[in-house]
Amino acid sequence: MVKFLDLQKLNASFQPELSAAVCRVVDSGWYLNGTAVAQFEAEFAAFCQQKYCIGVANGLDALTLVLTAKKAMAGWDDADEVIVPAMTFVATAQAVVRAGLRPVFVDVDGNALLSANMLEEVLSARTRAVLPVHLYGQRADMEGIWRFAAQHQLFVLEDAAQAHGIAGPGQSDALAFSFYPGKNLGALGDGGAVVTGDAGLAERVRMMANYGARQKYLHEYPGSNSRLDEVQAAILSVKLRRLQSDNAKRIRIARRYEEAISSMGHPDLLATLPSRLSAYHIFPVLTPCRERLQSHLTAEGIETLIHYPLPLHRQPCLKPFAEGKAFPMAERMAASELSLPISPVMTDAEVEATIRALEHFVLA
Ligand SMILES: *Cc1c(COP(=O)(O)O)cnc(C)c1O
């Protein structure tokens, strides 16, 4: 059986350091707002080559806090607009709605990414921000997006939840990360971070995540409680040290998949996305007969998942923001994407077993 992602094996590969880190926090008697969080924030800011990192409770909060803070600082109105790709995990757009802003969907390109040359089409007098997503770990066309944003004075927030090690540095105003257990840098629970070079925004996000307070018991803004805890921070510091080499392992597996699938020579039956810089959080293949491929792989002991079966404009909670619009590429991705197993602890034998199972499908 080849698991989609063997989290138990992955985390075991960090032992005994992981347990030692947890024990240090347990023994310290200090569980929130302590030295483990401060240390991880400093390490992750340096890793992203940015000045500030604020640990928060999860990726959705990281996105929401940035938008809420910026909205208040810049005096954006309710229902001002944020451009969001139509194909992503639902959190990207739900954060916009939670911040009291309006998500405006734009269709994705052949990599399932927001493309700079589709932004003009949805630009309006109320557009305030662009929210590109590095979907599947692929770096979005940030140069094009920064150029467009500079021309139209738009705020740029990157959803980097799938792209640790690939997103940043650059000209974006902020990046939002998730440390959900299955991400390339994953905690043993929930966690997230905001990374930015803007001192004012960093301070405001930190306050918003702490009941709107700068100092204890003095609350300047309505805020929330969104904290990364000491245990998760200590775990993340251990795992961060291996992130680059873990990403390199994912890239090696992805190259092997790409080469094998291209040599099968059936692009109508089984295709990969055009190759680009990626942390390969996910390895997607596209096929017009997804259900058949997924059952075939399951029967051969290969576990797969779908990312994602519904594009945003078809989600019941987001439909009202997409009325009367069509997003054909997002539809195509949602209908044909299947994610193959990929992780730093996958063995060569598991990769080859997956490839053999794909060959059996293509030849059948
Ligand atoms: C995982 C993910 C998030 C949300 O992260 P949580 O920590 O689960 O809240 C946001 N955007 C994308 C693209 C994600 O993959």
Side-chain angles (χ1 to χ4, degrees), residues 4-5 7 40 44 53-68 82-99 101 103 105-106 108 111-114 129-140 142 145 156-168 172 174-195 205 209 224-229 231-233 235-236 239 247 250 273 278-284 305-312 315 317-318 330 333-334 337 339 342-343:
F4 179 74
L5 170 61
L7 272 181
F40 174 71
F44 198 61
C53 169
I54 302 105
V56 299
N58 54 64
L60 174 63
D61 276 6
L63 292 162
T64 310
L65 285 160
V66 170
L67 293 170
T68 310
V82 179
I83 301 174
V84 174
M87 185 63 183
T88 168
F89 179 59
V90 75
T92 315
Q94 281 199 348
V96 176
V97 177
R98 278 177 90 205
L101 298 163
F105 302 123
V106 62
V108 291
N111 281 89
L113 296 174
L114 187 72
V130 187
L131 212 177
V133 182
H134 304 291
L135 198 70
Y136 309 143
Q138 308 171 98
R139 190 176 181 279
M142 293 313 304
I145 291 167
V156 179
L157 166 59
E158 294 177 45
D159 182 338
Q162 301 190 358
H164 314 74
I166 291 287
S172 293
L175 291 83
F177 289 91
S178 161
F179 306 121
Y180 180 84
K183 306 285 171 155
N184 287 31
L185 180 59
L188 306 190
D190 276 314
V194 171
V195 168
V205 165
S224 63
N225 169 7
S226 183
R227 293 186 279 239
L228 181 67
D229 67 72
V231 169
Q232 302 309 331
I235 285 164
L236 289 167
K239 296 182 78 172
N247 278 352
R250 288 173 180 271
L273 297 187
S278 178
Y280 288 101
H281 172 57
I282 280 164
F283 189 91
L305 292 176
I306 293 168
H307 297 93
Y308 298 91
L310 280 184
L312 293 191
Q315 290 293 351
C317 64
L318 296 170
M333 292 288 168
E337 194 275 348
S339 307
I342 191 162
S343 93

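When a ligand or atom number is given, it counts from 1 through the structure's own listing order. Below, all heavy atoms of this structure are taken into account, side chains as well, without hydrogens, waters or symmetry copies. Keep in mind that what you see is a predicted model, and the values were worked out from it rather than measured.
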So, is [X] polar-close to ligand 1, with some N/O to N/O distance under 3.5 Å?
X      : answer
Lys183 : yes
Ala91  : no
Tyr180 : no
Asp159 : yes
Gly59  : yes

**OP:** Fit a plane to each ring of Phe179 and Phe40, take the angle between them on a 0 to 90° scale, and name the class: parallel (under 30°), tilted (30 to 60°) or perpendicular (over 60°).
**Re:**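 Phe179 and Phe40: perpendicular rings.
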**OP:** Quick one: sort the Tyr308 and Phe89 rings into parallel, tilted or perpendicular, breaks at 30° and 60°.
**Re:**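 Tyr308 vs Phe89 ring planes: tilted.
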**OP:** In sequence, state the C-alpha distance, the side-chain angles, and the governing distance for Thr92 and Gln94, and then conclude on side chain to side chain donor-acceptor pair (under 3.5 Å).
**Re:** CA-CA 6 Å; Thr92 315; Gln94 281 199 348; over 6 Å; no
Original post:
If you look at every heavy atom in Leu228 and Gly191, which pair is closest and at what distance?
Top reply: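 Between these two residues, the closest heavy atoms are CD1-CA, 3.8 Å.
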Original post:
Do the two ring centres, one from Tyr136 and one from Phe283, sit under 6.0 Å apart?
Top reply: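 No, too far apart.
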**OP:** Enumerate the atoms of ligand 1 whose separation from the nearest heavy atom of Leu60 is less than 4.0 angstrom.
**Re:**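 Counting atoms of ligand 1 from 1, those under 4.0 Å from Leu60 are 4 (C), 5 (O), 6 (P), 9 (O).
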Original post:
Ion pair present between Arg227 and Asp190, side-chain N to carboxylate O less than 4.0 angstrom?
Top reply: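 The answer is no: the pair does not qualify as a salt bridge.
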Subject >> Of the listed options Pro85, Ser178, Ala193, Ala160, closest to atom 7 (O) of ligand 1 (non-hydrogen atoms) >> reply: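 That would be Ser178.
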